[in-house]
Amino acid sequence: MNSAPVCMTNCPTLIVTVGLPARGKTYISKKLTRYLNWIGVPTREFNVGQYRRECVKIYKSFEFFRPDNEEGLKIRRQCASAALNDVRQYLTEEGGQVAVFDATNTTRERRETIIQFAEQNGFKVFFVESVCEDPDVIQENIVVSLGSPDYTNCNTEEAVEDFMKRIKCYENSYETLDEVLDRDLSYIKIMDVGQRYLVNRVLDHIQSRIVYYLMNIHITPRSIYLCRHGESELNVNGRIGGDSGLTPRGKEFGKKLSQFILEQGISDLKVWTSQMKRTIQTAEALNVPYEQWKVLNEIDAGVCEEMMYEEIQDHYPLEFALRDQDKYRYRYPKGESYEDLVQRLEPVIMELERQENVLVVCHQAVMRCLLAYFLDKTAEELPYLKCPLHTVLKLTPVAYGCKVESISLNVDAVDTHRERPEVGITHTHTHTHTHTHTHTHGTTELHCASAKCTIMQRITSWNEQVYCKASLLLRLLFEGIFRLLLYRTAEAMKGRRSELNLRRCDKAFVHGAHALPGELSRCPCKAKALKT
Amino acid sequence: VEMSEPGMLIDIRASVPQFCNSPTMIVMVGLPARGKTYISKKLTRYLNWIGVPTKMFNVGQYRREAVKIYKNFEFFKPDNEEAMRIRKACAAAALKDVAAYFSKEQGQVAVFDATNTTRERRTVILSYAKERGYKVFFVESICDDPEIIAENIKQVKFGSPDYVDRNVDEAMEDFVQRIDCYRASYMPIDDEKDRKLSYIKIFDVGSRYLVNRVQDHIQSRIVYYLMNIHVTPRSIYLSRHGESELNLSGRIGGDSGLSPRGQKYANALAAFIHGQNIRELKVWTSHMKRTIQTAEALGVQYEQWKALNEIDAGVCEELTYEEIQQNLPQEFALRDQDKYRYRYPKGESYEDLVHRLEPVIMELERQENVLVICHQAVFRCLLAYFLDKPADELPYLRCPLHTVLKLTPIAYGCKVESFFLNIEAVNTHRERPVNVDVNRNPEDALQTVPDHI
C-alpha cells in the first residue's frame, strides 16, 4: 500500500464513508457537511445512491445489488465515477474545501480506486467507517432508509425484506478497514454508534476537528429548546445590545416558560443562559439550576451598543448601509460580526451535541446562529432568521434533519426583527425605497437605512416646493448639484466598501473556526500575489 | 471484587450515584519508558490551565520516599516479595492521597501515574473509585518501536534520582532489565473483556488511537487533547508586537501603530528569525495593527487570529493608569486584589482570555515551529501554559517589549531562551502594589506604574 502522497496543508479533503447499508453513513455525511459549512468550511456531500437513482429510474428490487449482476455492477461503477467527477469539479473549480463521498465503499478495490483518484488530483483522503452489529440499531436505521425514493411504492414489510436482502448482497464482499493492511491510511472507525472509535493517522487540523466532532455526536433521542430572554427594557425602547433587565412582560414570560417546561415533562433538562442580566433573570424564574456561558452573550455592537436604529442612521449612516449589504460578515466598529459569533458559539454547538435535553436561553443574534446550525441555513439567510421574543423553538432530531416546533407562550412583546431593506449602492440614482419598522407599542417610524435614500427623499420633497418657471431653472441647477453629491456619496461608499472588502480579505487570512491554518491562499484578492 | 472467570470483571454498577461533576481519576497504563509520566504531566498542566483543578500522583515518587536508595532492577522482579509489599503499599498511599485531594482540596481530576500493567492492580483502583463515586478513565500507551523507547530512556530516565550516580551505559542496561520485569505480567487493556471501561489506547506515540466509552465532557476534552499532542522536536517563539504609539504614552489597549522604535524592532525580529534558520516556520498575529505591522516586516506569510487580540479593557480602553485611578479608583483597586479574575467593565478578565486562547494552544500543540506575535496579557497566558504557572502568578509574568522567548519542549518541561533584540522600549510591566485596599490613596495605587510620556 502506498503511503499517503505529500500534500500541502491547504489541499482539499475527500471524506469517504465506508460501511454496509443502514449503518448511518448518510446520517453522518449530512451532519458532518452541515457542521463544516456552519463553521465556514465549504463542504458538499455526494451520495452515490442519488446518482444510481438518476441512472436507473425505477428501482425494482435488491437483485440490482447482487454481486453477480454484471449489468448492475457496470451501472454502479459508472455512477461512482460520475460522482467522483463531480467531486473533482467541486473541489478544484467551485471553491469547495471538503467533499463527502457517501457510498458503501465496502471493498478494498473500490477504496483503492478512490485513493488513486485523490492522489492524481492532490486531495487528501480521510475514511469514516461505521461498523455496527446491533440489530436494534440497524432496524431503526432501516426505517430511515425506507423513506428513500426506492421504496415509495412498497408496503413496509416488503420494503424491509428487500432491504435486508440488499444488505446481504454486500456482506460477503465486505472488507473492513484493517489495522495492519490499511495502517497507512487516515481513518476513523466508528463502532456501535460511538461506543468505540479507532483513529488512525490524523494528518491535519481539519481531520482532527472532524474526529473530535464525530466523537461527540450521538443518536439518543432528545430535544433542544431555544428561546430568547424575556422582553427587556432596552428592547422596549428600540435599543440594541446593552445589559438591561426584564420588563414586567418579560418577567411574565419567565413564569410562562417555567410552566411550559414543567408541562413538557422533560427528564434531566439542562438549562444554559448567557452572562447578561436578561437571560439570567429569565432562567431564575424556572427555579432550576442553570449554567451561565459567556459565549452565549449577545453580539457585541461595539460603538452602536444601546443605540436605536434611528441613531445609528444619524451617526453612522455609512456603517448602517454597509451592514445591510452583508449582514453576515459586517463587523460593528469595535464590535463583532455574525461570522465572529459563529466562531465563538462553536463550543456551545459541540456541547449541545454531547448533551441530551437542553434549554438555551439566549439572544436574537445568538439564537439565529444556533438555529442556522440545526436547520442548515446559509450565511446569507442566517442574519434574517425570525426569532421573536416570547417564543420557544423545540428542535427534535429526526431522520436526517430536525423537526422544529414553534411555541408562542402568549405574552405580548415588541418585535425586534429587522428585515433586509432593498439597498443598492450603485451608480443609478433612481433607486428609492422606504422601509418602515414600527414598534407595536409606539409610533416611531424608521426610514430606510440607505443614506442615499434619505437624500433622494429630500430632493423629491424639495422639488415639490419649487413652483415657478424661473425657479425651474434654479431647480434643475440644484438637482444637478444634488445628483453630483449623490454620485460622490456613492463613490465614497464604494471606497468604504472596498475597505470592507479589505477587512473581509484580511479575514481570509484569519484563523477562526471557519478558516483553517494554511488557508492563506484562499483569499481571492491576494490569491495572485501569494501563489502557493 | 469477585472474578467470575479468570480475568473477567463482573459488570460494575456504581454504589454511589455518579453526578456529572464527580471527580475523575485518569489512570495511566503501560510499560516503563512509554511516555506515561510525560503524558501525565502535560495533561495535568493543560487541565489546570483551562481551570480544572488537577493533580498528578506519581507512584514512583512514593516508592522513592519508602525505599530511600535504589539499588538495581532486582527490586522490580516479580518474585521479590518484600518489594511487592512495598510497591502495593505505595500504590495504596497514593490512592489515599487522591481521595484526600478530591474531598479536602476540591480537586476535580487526579492523574494516577504508574505502570498499572496488571488487571489485578487496575481492579483495585476501579473498586476504590467506585466506592467513592469517582469516574475512571484509563490512558494506555503502547509502543514497541525500540528507537522511541531508547530516546525516552535517554531523555528522562538518566536524569531520574534512581540513576543519579550511575553512568549512562549502566543506567541503560539496568533500565532495560527493569522493563523486562514488567513485561511478563503485562496485561494490556483488553478490547473484549474491558469493553465496559472508559479508556484511550495510544499506539506508537499517536499514530493510532482506540477510544472506548467516553462518558462526559472532561473525558471528551482529554481525548481531544491527547490526540493533538506530539513529540516531534520543534520550537515555539513568543514575542510581543513592536513598541506602539499608545505604549509610549502609557495608555492601555487601543489599536495604534508602531512607534519608530517599534518599527526598528520589527526589522530586527526579521533578521533574528532569519538567523535562526527555522524549518517551515508558521507566523501568527492578532487582528490588531501593531502585531500585523510587526509581522509585515518579516516578509513571510502570516495568519491573523482574532483570539490573539489583547485583553479588552472595556471602559478603560486607551486610558493611562493615572486616568483609571482618577476616574475609577475602586475598579483599579479591585483589579489589584484579584488580577486574574477581575473583569474590566464591558471588557474581559485574564480568565476570559485563557478561555479564548484555548484553541490557539490546541493548534500550537498540533503545529511544529511557530512564531506568535501577540500582546502582553495574551503572552502571559500562553507563557503560563508552557511554563505551568498558576493563576495568581500569571498576570504578573514579565513579558517585556522587544524580547523574543524561544520555548523548546524537553524531557518533561520546556527550555526557555530569552533574546532581547537590543532596541530600547518603554516598560509596560506593572507590579502588584502593596496597598490594594479599595480606599487607598492615589500615591499607593500608582506606586508601581511604569514611566511613560
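Chain naming here is simple, since letters A, B, ... match the order of the sequence lines and numbering starts at 1 in each. All heavy atoms count here, side chains included; hydrogens, waters and symmetry mates do not. Because the structure is predicted, anything quoted here is derived from the model rather than measured.
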- line: Under a 4.5 Å heavy-atom criterion, the part of residues 191-199 of chain A in contact with chain B comprises Met191(A), Gln195(A), Arg196(A), Tyr197(A), Leu198(A), Val199(A)
- prompt: For Asp352(B), is it the side chain, the backbone, both or neither that has a heavy atom under 4.5 Å from a heavy atom of chain A?
  reply: side chain
- prompt: In terms of heavy-atom proximity below 4.5 Å to chain A, should Arg366(B) be classed as side chain, backbone, both, or neither?
  reply: side chain
Straight-line distance of Glu351(A) CD to His217(B) NE2, nearest 0.5 Å: 5.0 Å
statement: Between the CD atom in Gln343(A) and the NZ atom in Lys306(B), the distance rounded to the nearest 0.5 Å is 7.5 Å
query: Which residues satisfy the ring pair (Phe, Tyr, Trp, His ring centres under 6.0 Å) test with Phe203(B), sequence neighbours excluded?
result: none
- request: With a 4.5 Å cut-off on heavy-atom pairs, point out which of Asn228(B), Val214(B), Asp191(B) contacts chain A the most.
  value: Asp191(B)
query: If you count heavy-atom pairs under 4.5 Å with chain A, which of Met362(B), Arg343(B), Glu317(B), Lys201(B) comes out on top?
result: Arg343(B)
field: Nearest heavy-atom neighbours spanning Val223(B) and Met215(A)
entry: CG1-CE, 3.3 Å
- request: Sort out for me which of Glu179(A), Arg344(A), Arg183(A) touches chain B most, counting heavy-atom pairs under 4.5 Å.
  value: Glu179(A)
Heavy-atom distance under 4.5 Å to chain B: side chain of [X], backbone, both or neither?
X: Asn216(A); value: side chain
X: Gln207(A); value: neither
X: Glu336(A); value: side chain

- prompt: Are any non-hydrogen side-chain atoms of Glu351(B) and Lys294(A) less than 4.5 angstrom apart?
  reply: no
